[in-house]
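Quick caveat, the model's predicted, so the values are computed rather than measured. Every heavy atom of this structure was used, including side-chain atoms; hydrogens, water molecules and symmetry mates were not. First listed ligand is number 1; within each ligand, the first listed atom is number 1.
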Amino acid sequence: MTQSQPIALVSGATRGIGRAIAQDLAQKGVKVLLGARNLQAGQKVAVEISTSEIQVEAVELDTTHQNTIDNLSALIAEKYGRLDILVNNAGISLDFYPDLSVREKLSRTLETNVIGTAALTDAMIPLLEKSQHGRIVNVSSVLASFTSREQADWIYKDVAMPTYQASKAALNSLTLSYAKLLEPRKIKVNAICPGLTATDATNHYGERTPEQAAQVAVKYALLDDSGPTGTFVNDDGILRW
Ligand SMILES: NC(=O)c1ccc[n+]([C@@H]2O[C@H](COP(=O)([O-])OP(=O)(O)OC[C@H]3O[C@@H](n4cnc5c(N)ncnc54)[C@H](OP(=O)(O)O)[C@@H]3O)[C@@H](O)[C@H]2O)c1
């Protein structure tokens, strides 16, 4: 790979939207580190989505296991010396698991969607600082928009996923805080909503493909230096917090 080639890390990239983000970035010439809880599964996907120019590299990453985060930041520092793009995609939703208590649902969801994301972000900041164009994309959901939830005619007004919505609202808050903290270091931090997408997480509901959902994440991963920070967006533009 060349010095000028951007390097991206995508968490939760073994399937669904994360896989599509990794593939789209690779097709656009980005060196992709494909985060996988199961390294073997990740290696299989990496082979499938590598291009003739870009060798996608699977890396072990479970955002709830700090040792995998620490090992990965050491690996990236040693091998590449910097990171240009972090896509915080890994996420779970347990609201429709009736056998779990609310304590279990909320603690597991927050651990992955919020604490794991913050821990990964913190570990990658020193590497993103080495980039001239650091970008962080947090994969959130419009279901967490307080403004939309207040509107009587909102398309998702009847949706109630307490633990998932709370986790993505916390992720949105992290987005604003990190955008503020990292602005002086020229790292842009934005939250995106990929839209309701047919993946394992939604039991493949609906028509929207992971490839379509990935586009807004990739757009914000590849923002140029005049692009915004601290925003919440989807395909159609700005979303209200
Ligand atoms: N699908 C939608 O309609 C929709 C809408 C709005 C937002 N989103 C968000 O988009 C993101 C991707 O969703 P998806 O629909 O593609 O979900 P998915 O098909 O269930 O895939 C989730 C991915 O996250 C990984 N993952 C889960 N826990 C992890 C952890 N602790 N550490 C690292 N990786 C972990 C999974 O890895 P394994 O393969 O190892 O399980 C998998 O690769 C999530 O943040 C989700 O909340 C989705």
Side-chain angles (χ1 to χ4, degrees), residues 9-24 32-46 48-49 58-72 86-97 105 107-121 123-124 136-145 148 155-156 159 161 163-172 174-175 191-218 220-221 232-235 239:
L9 170 63
V10 184
S11 69
T14 44
R15 54 198 168 92
I17 297 166
R19 175 190 166 125
I21 294 170
Q23 181 162 27
D24 195 349
V32 176
L33 307 178
L34 183 146
R37 290 198 282 196
N38 177 324
L39 187 57
Q40 274 183 330
Q43 283 163 339
K44 189 166 169 284
V45 175
E48 287 165 6
I49 67 174
V59 291
E60 188 181 0
L61 175 61
D62 183 329
T63 60
T64 66
H65 291 164
Q66 187 63 37
N67 66 318
T68 68
I69 294 176
D70 295 341
N71 290 344
L72 182 54
L86 170 62
V87 182
N88 284 313
N89 166 77
I92 59 170
S93 128
L94 301 176
D95 286 294
F96 300 122
Y97 286 65
K105 284 191 262 202
S107 58
R108 280 172 56 184
T109 305
L110 292 181
E111 184 62 39
T112 299
N113 297 7
V114 184
I115 300 168
T117 300
L120 180 63
T121 300
M124 294 301 150
I136 298 173
V137 179
N138 291 331
V139 181
S140 183
S141 168
V142 73
L143 295 179
S145 163
S148 298
I155 180 175
Y156 299 122
V159 173
M161 298 171 68
T163 63
Y164 182 71
Q165 286 170 301
S167 75
K168 294 298 188 182
L171 179 63
N172 285 353
L174 284 177
T175 302
I192 64 100
C193 176
L196 179 58
T197 306
T199 66
D200 293 345
T202 56
N203 279 327
H204 297 267
Y205 177 84
E207 303 288 314
R208 190 167 166 83
T209 65
E211 289 71 28
Q212 290 169 318
Q215 286 178 17
V216 64
V218 169
Y220 277 77
F232 182 26
V233 295
N234 68 5
D235 273 348
L239 293 168

Legend entry - Closest approach of any protein heavy atom to atom 35 (C) of ligand 1, naming residue and atom: Ala90 CB, 3.6 Å
Legend entry - Minimum heavy-atom distance between Ala36 and Gly42, given as atom pair plus value: CB-CA, 3.6 Å
Legend entry - Polar atom proximity, Ser141 to ligand 1 (N or O, under 3.5 Å): no
Inset, instruction - With heavy atoms under 4.0 Å as the rule, classify the contact between Lys168 and ligand 1 as side chain, backbone, both or neither. - result: side chain
Inset, instruction - Verify the distance criterion only: is there a donor paired with an acceptor across the side chains of Asp62 and Thr68 at less than 3.5 Å? - result: no
Inset, instruction - Note the single closest protein heavy atom to atom 46 (C) of ligand 1, along with its residue, its atom name and the distance in Å. - result: Tyr164 OH, 3.6 Å
Legend entry - N/O donor-acceptor pair under 3.5 Å between Thr199 side chain and Ala201 backbone: yes
Legend entry - Atoms in ligand 1 flagged as close to Ile92, the criterion being non-hydrogen separation under 4.0 Å: 27 (C), 28 (N)
Legend entry - Interfacing atoms of ligand 1 (cut-off 4.0 Å, heavy-atom, Thr202): 1 (N), 2 (C), 3 (O)
Inset, instruction - Carefully, step by step, assess Ile136 and Asn88 under the rule side chain to side chain contact (heavy atoms under 4.5 Å, CB included). - result: CA-CA 7 Å; Ile136 298 173; Asn88 284 313; 3.7 Å; yes
Legend entry - Atoms in ligand 1 flagged as close to Ser140, the criterion being non-hydrogen separation under 4.0 Å: 6 (C), 7 (C)
Inset, instruction - For Pro194 and Ser140, work out which heavy atoms get closest and say how close. - result: CD-O, 3.4 Å
Legend entry - Nearest-contact summary for atom 31 (N) of ligand 1 - protein heavy atom, Å: Asp62 OD1, 3.0 Å
Legend entry - atom 14 (P) of ligand 1 [closest protein heavy-atom partner, distance rounded to 0.1 Å]: Thr199 OG1, 3.7 Å
Legend entry - Nearest-option assignment for atom 28 (N) of ligand 1, heavy atoms, candidates Arg37, Glu111, Arg108: Arg37
Inset, instruction - Just let me know how Ala198 lines up against ligand 1, side chain, backbone, both or neither, with a heavy-atom cut-off below 4.0 Å. - result: neither
Inset, instruction - Identify which one of Val87, Val137, Asn89 satisfies the side chain to side chain contact (heavy atoms under 4.5 Å, CB included) criterion when paired with Ile192. - result: Val137
Inset, instruction - Could you find the nearest protein heavy atom to atom 3 (O) of ligand 1 and give me its residue, atom name and distance? - result: Thr197 N, 2.8 Å
Inset, instruction - If you have a sec, work out which protein heavy atom is nearest atom 20 (O) of ligand 1 and how many Å separate them, to one decimal? - result: Arg15 NH1, 3.3 Å
Legend entry - Atom CD of Glu48 with >12 non-hydrogen neighbours under 6.0 angstrom: yes
Inset, instruction - Counting heavy atoms only, name the option from Ile17, Thr14, Asn113, Thr64 that's nearest to atom 48 (C) of ligand 1. - result: Ile17
Legend entry - Option whose closest heavy atom lies nearest to atom 17 (O) of ligand 1, chosen from Ala13, Ala201, Ala20: Ala201
Legend entry - Gly16: numbered ligand 1 atoms lying under 4.0 Å from its heavy atoms: 16 (O), 19 (O)
Inset, instruction - Would you check if there is a donor-acceptor pair between the side chains of Asn38 and Thr14 at a distance under 3.5 Å? - result: no
Inset, instruction - Please assess Val45 against Gln23 for the test side chain to side chain contact (heavy atoms under 4.5 Å, CB included), listing each intermediate value before the final yes or no. - result: CA-CA 9 Å; Val45 175; Gln23 181 162 27; over 6 Å; no
Inset, instruction - Please identify which atoms of ligand 1 are closer than 4.0 Å to at least one heavy atom of Asp200. - result: 19 (O)
Inset, instruction - Decide side chain to side chain contact (heavy atoms under 4.5 Å, CB included) for Ile69 and Leu61; before the verdict, give the C-alpha distance in whole Å, the side-chain angles of both, and the deciding distance to 0.1 Å. - result: CA-CA 6 Å; Ile69 294 176; Leu61 175 61; 3.8 Å; yes
Inset, instruction - May I ask you to decide if Thr117's main-chain N or O and Thr63's side chain share a donor-acceptor pair within less than 3.5 Å? - result: no
Legend entry - Identified side chain to side chain contact (heavy atoms under 4.5 Å, CB included) partner of Tyr164 from the options Leu94, Val159, Asn113: Asn113
Legend entry - Whether Asp24 side chain and Ala20 backbone form a donor-acceptor pair below 3.5 Å: no
Legend entry - Enumerated ligand 1 atoms positioned under 4.0 Å from heavy atoms of Val139: 9 (C), 10 (O), 11 (C), 45 (O)
Legend entry - CZ-OG distance between Phe232 and Ser145, expressed to the nearest 0.5 angstrom: 6.0 Å
Inset, instruction - Show which atoms of ligand 1 fall inside a sub-4.0 Å distance from at least one heavy-atom site of Thr112. - result: 28 (N), 31 (N)
Legend entry - Closest candidate by heavy atom, reference atom 12 (C) of ligand 1, pool Asn89, Thr109, Val45, Leu120: Asn89
Inset, instruction - List the steps and the verdict of side chain to side chain contact (heavy atoms under 4.5 Å, CB included) for Leu143 and Met161. - result: CA-CA 8 Å; Leu143 295 179; Met161 298 171 68; 3.9 Å; yes
Inset, instruction - Please identify which atoms of ligand 1 are closer than 4.0 Å to at least one heavy atom of Leu196. - result: 3 (O)
Inset, instruction - Identify the protein heavy atom lying closest to atom 33 (C) of ligand 1, giving its residue, its atom name and the separation to 0.1 Å. - result: Leu61 O, 3.4 Å
Legend entry - Test item, Ser11 contacting ligand 1 (heavy atom, 4.0 angstrom): no
Legend entry - For atom 4 (C) of ligand 1, the protein heavy atom that lies nearest, with its residue and separation: Gly195 O, 3.9 Å
Inset, instruction - Please confirm whether Gly12 comes within less than 3.5 Å of ligand 1 when only nitrogen or oxygen atoms on both sides are compared. - result: yes
